[in-house]
There are 2 protein chains.
Amino acid sequence: MNQLDATFAALADPTRRAILARLIQGEASVMELAEPFAMSQPSISKHLKVLEAAGLISRGRDAQRRPCRLEARPLAEANDWLERYRNIWEGNFQRLDALLGAMQAEKAPGEADQ
Amino acid sequence: MNQLDATFAALADPTRRAILARLIQGEASVMELAEPFAMSQPSISKHLKVLEAAGLISRGRDAQRRPCRLEARPLAEANDWLERYRNIWEGNFQRLDALLGAMQAEKAPGEADQ
DNA sequence: TCTGTATATAGCCAAATGGGTATATACCTC
DNA sequence: GAGGTATATACCCATTTGGCTATATACAGA
């Protein structure tokens, strides 16, 4: 699984997105991260494993605690991928496309593209 | 499954991302979309079903063809979600955090936060 | 109406996912 | 070193996923 696959797959789960959102505020232990969820600790550990494998978190050591910290780099790559579609969702592409189509339609037959 | 779940899950597969990339250039039939892949037509149809369920494509009718067109709106929502992390991946947050930490450390004990 | 083309559906299968419980491990404190 | 806390691991289970082949459906054109 490549980086982009792993990133998007990790983001596809609402529990994992909530964990990442929590980590915006700073490091947190597994217990702290688990607290808001009606879910067992091992299940949270599994989600953290997915996030770590995707490079979205890194883990330290503080006595028994393994604090998680956000690693946003893969999010930047996901953002880069999405950027290619920005023109389209902003509607500019469709308008430009329609404009170019109209211009082409006005051309005399056989005229070359510019 | 909510919209963001469906969007990120759809984007987690490289075949589906390639299909979306192809659709930037405009509508395409299933056969046209399948052509670059060493994969059966039914498998492509399944991927298209996932993309359609996520609202990332819509489908028309042109004789036997069911042309696919890109629907970028859900990508905008995914982008909005990622935006919250932009400060972090750009490193500004860490620097700001460090700055705030340093400012706090300089304060006389007992002084209130501003 | 028959034939070909484009697409969808059904059913099969192996692997991955997301949850659970029980238990192991690591580390601190007394 | 005994007990407590934090976390990880091992299994179990049901569901989903992503591929396949075979077949059905929809439509065009001769």
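Chain naming here is simple, since letters A, B, ... match the order of the sequence lines and numbering starts at 1 in each.
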Salt bridge B:K49-B:E52, side-chain N to carboxylate O under 4.0 Å: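 Judged by the 4.0 Å cut-off on N to carboxylate O distance, B:K49 and B:E52 do not form a salt bridge.
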Is it the case that the side chain of [X] and the backbone of [Y] share a donor-acceptor pair, with hydrogens and angles ignored and the cut-off at 3.5 Å?
| X | Y | result |
| --- | --- | --- |
| A:R17 | A:L11 | yes |
| A:D13 | A:R16 | yes |
| B:R59 | B:R66 | yes |

For [X] and [N], what is the distance between atoms [atom1] and [atom2] respectively, to the nearest whole Å?
| X | N | atom1 | atom2 | result |
| --- | --- | --- | --- | --- |
| A:M31 | D:dT5 | CE | P | 9 Å |
| A:K49 | D:dT7 | NZ | C1' | 12 Å |
| A:K46 | D:dA10 | NZ | P | 12 Å |
| A:L48 | C:dG18 | CG | P | 13 Å |
| A:M1 | C:dA15 | CE | P | 17 Å |
| A:R59 | D:dA8 | CZ | C1' | 9 Å |
| A:D62 | D:dA6 | CG | C1' | 11 Å |
| A:E32 | D:dA6 | CD | P | 10 Å |

Within the pair [X] and [N], is there a side-chain N or O less than 4.0 Å away from OP1 or OP2?
| X | N | value |
| --- | --- | --- |
| B:S43 | D:dC20 | yes |
| A:S45 | D:dT7 | no |
| A:S40 | C:dG20 | yes |
| A:H47 | C:dT17 | no |

Among the nucleotides [options], which one has an atom lying closest to any side-chain atom of [X]?
| X | options | value |
| --- | --- | --- |
| B:S29 | C:dT7, C:dA6, D:dG18 | C:dT7 |
| B:D13 | D:dG18, D:dT7, C:dA10 | D:dG18 |
| A:V30 | C:dT9, D:dT9, D:dA8 | D:dA8 |
| B:R61 | C:dT21, C:dA8, D:dA26 | D:dA26 |
| A:Q64 | C:dA8, D:dT7, C:dC28 | C:dC28 |
| B:R66 | C:dC28, D:dC20, C:dT7 | C:dT7 |
| A:P42 | C:dT21, C:dG19, D:dC20 | C:dT21 |

CZ (A:R73) with more than 12 external heavy atoms under 6.0 Å: no
Pair of N/O donor and acceptor under 3.5 Å linking C:dA6 base with B:Q41 side chain: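 Under the 3.5 Å cut-off, the side chain and the base do not form any donor-acceptor pair.
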